[in-house]
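Counting convention: from 1, in listed order, for ligands and their atoms alike. Remember, predicted model here, so these are calculated numbers, not experimental data. The chain is numbered in sequence order, starting from 1.
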Amino acid sequence: METNYIVNEDCLTFMRTLPDKCIDLILTDPPYPDYYAEKYNYNPEPILYLDKFKCKQFVFWTAKEDFLLDYSAIHIWDKKTGCGSEYERIFERNGDKNYKMFRYYFINSTVAAQMTKDVYYNHPSQKPFKLIENIILNNTKKGDVIFDPFMGTGTTCYVAQELGRKYIGCELDKDYFEIAEKRLGFVKQRLF
Ligand SMILES: C[S@@+](CC[C@H](N)C(=O)[O-])C[C@H]1O[C@@H](n2cnc3c(N)ncnc32)[C@H](O)[C@@H]1O
């Protein structure tokens with residue numbers, strides 16, 4: 001299967017063409033229903049479609065709204081801003097267990113990461129390199145294929161590339177897609 005590419009299209013349409021068994025990990029940060037919902041084109045349908053994939057998944061989600069799918073564990077991303085309420089949840093879906101009815105009580109790990117030393121690409125929801133690195137290193141090996149249907153500026157794909165993993169990414173917005181293209185080296189930066 002072709003890997004190490006990104007597409008500028010609706011991920012629901014794209015996912016319908018993607019063979020489930022070729023993906024080792026889905027790591028994604030979809031639009032939330034409560035925060036930037038309009039700006040990021042929030043729609044539950046492509047998020048619900050993730051259920052068709054049987055691979056391990058990590059899905060970022062707001063702390064304020066119920067997650068849409070069954071899950072195995074909740075991880076907390078502590079943003080280390082100094083304010084107690086500054087965190088987001090990351091739902092792990094590994095197919096082994098279903099803790100949905102116990103939500104809010106299973107907090108399996110904390111991952112603290114700030115944007116320190118990252119290049120900021122002007123996407124309000126760009127995720128820190130170290131945060132994504134932590135999830136990829138703990139859940140994949142070199143050569144595994146990681147898919148991000150809502151890649152924004154391509155952080156997941158970029159970190160995957162840096163760690164010797166393969167990637168596939170999808171982004172609806174043309175401007176964010178072009179940033180991802182540059183980050184991943186598809187477009188040469190102008191020197192003069
Ligand atoms: C929360 S942001 C992801 C930011 C990303 N983690 C980063 O580090 O840059 C969610 C992204 O999903 C994109 N998006 C929304 N609906 C989409 C869809 N149907 N298909 C593909 N991308 C979509 C938005 O344009 C937005 O950039």
Atom indices of ligand 1, in the order listed, that fall short of 4.0 Å to a heavy atom of [X]:
{"X": "Thr153", "answer": "7 (C), 8 (O), 9 (O)"}
{"X": "Lys127", "answer": "6 (N), 7 (C), 8 (O)"}
{"X": "Asp29", "answer": "1 (C), 2 (S), 3 (C), 4 (C), 5 (C), 6 (N), 10 (C)"}
{"X": "Pro149", "answer": "21 (C), 22 (N)"}
{"X": "Thr155", "answer": "7 (C), 8 (O), 9 (O)"}
{"X": "Asp173", "answer": "25 (O)"}
{"X": "Gln126", "answer": "7 (C), 8 (O), 9 (O)"}
{"X": "Pro31", "answer": "15 (C)"}

Next on the checklist: Which label fits Phe53 and Phe147: parallel for a plane angle under 30°, tilted from 30 to 60°, or perpendicular past 60°?
Outcome noted: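 Rings of Phe53 and Phe147: tilted, as their planes differ by 30° to 60°.
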Checklist entry - Should the pair Tyr36 and Tyr40 be assigned to parallel (<30°), tilted (30 to 60°) or perpendicular (>60°) ring geometry? => result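 Taking Tyr40 first and then Tyr36, their aromatic rings sit tilted (interplane angle of 30° to 60°).
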Checklist entry - Does the ring centre of His75 sit less than 6.0 Å away from the ring centre of Phe58? => result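 Under 6.0 Å, so yes.
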Among protein heavy atoms, which lies nearest [atom], and at what distance?
{"atom": "atom 25 (O) of ligand 1", "value": "Glu171 OE2, 2.6 Å"}
{"atom": "atom 5 (C) of ligand 1", "value": "Met151 O, 3.4 Å"}
{"atom": "atom 22 (N) of ligand 1", "value": "Leu172 N, 3.1 Å"}
{"atom": "atom 20 (N) of ligand 1", "value": "Cys11 N, 2.9 Å"}
{"atom": "atom 16 (N) of ligand 1", "value": "Tyr40 O, 3.5 Å"}

Checklist entry - Pro149 and Cys11: which non-hydrogen atoms are nearest, and at how many Å? => result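 Here Pro149 and Cys11 meet closest at O-CB, 3.3 Å.
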Item to check | Atom of Tyr121, atom of Gln126 and distance for their closest heavy-atom approach | outcome: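 It is N-OE1, 2.7 Å.
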Next on the checklist: Taking the basic N atoms (NZ, or NE/NH1/NH2) and the acidic carboxylate oxygens, is any pair closer than 4.0 Å for Lys127 and Asp29?
Outcome noted: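 Looking at Lys127 and Asp29, the cut-off is met.
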Item to check | Charged N-O contact under 4.0 Å between Glu178 and Lys174 | outcome: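 Yes.
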Checklist entry - With backbone taken as N, CA, C and O and side chain as the heavy atoms from C-beta onward, which portion of Tyr176 lies under 4.0 Å from ligand 1: side chain, backbone, both, or neither? => result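 Only the side chain of Tyr176 comes within reach of ligand 1.
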Checklist entry - For ligand 1, does His123 get within less than 4.0 Å through its side chain, its backbone, both, or neither, judged by non-hydrogen atoms? => result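 Answer for His123: side chain.
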Next on the checklist: Just to check, does Lys39 reach to within less than 4.0 Å of ligand 1 when the distance is taken from its heavy atoms?
Outcome noted: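 In this structure, Lys39 fails to qualify as a contact of ligand 1 - no heavy atom is under 4.0 Å.
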Checklist entry - Is there a donor-acceptor pair under 3.5 Å between the side chain of Thr62 and the backbone N or O of Tyr32? => result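 A pair under 3.5 Å: no.
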Checklist entry - Under 3.5 Å, is there a donor-acceptor pair between the side chain of Asn4 and the main chain of Tyr167? => result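 Flag set: sc Asn4 to bb Tyr167 pair under 3.5 Å.
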Item to check | Winner among Phe14, Phe177, Phe150 once heavy atoms are compared against atom 23 (C) of ligand 1 | outcome: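 Selected option, by shortest heavy-atom distance: Phe150.
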Checklist entry - So between Asp118, Asp10, Ile47, whose heavy atom ends up nearest atom 19 (N) of ligand 1? => result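 Going through Asp118, Asp10, Ile47 one by one, Asp10 has the nearest heavy atom to atom 19 (N) of ligand 1.
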Item to check | Cation-pi, Tyr158 ring and Arg183 (6.0 angstrom, 45 degrees) | outcome: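 The answer is yes, since Arg183 meets both limits relative to Tyr158.
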Next on the checklist: What verdict does the ring-ring contact (aromatic ring centres under 6.0 Å, His included) test give for Phe67 and Trp61, after you've listed the backbone C-alpha separation in whole Å, the side-chain angles of each residue and the deciding distance to 0.1 Å?
Outcome noted: CA-CA 7 Å; Phe67 188 51; Trp61 199 247; 5.5 Å; yes
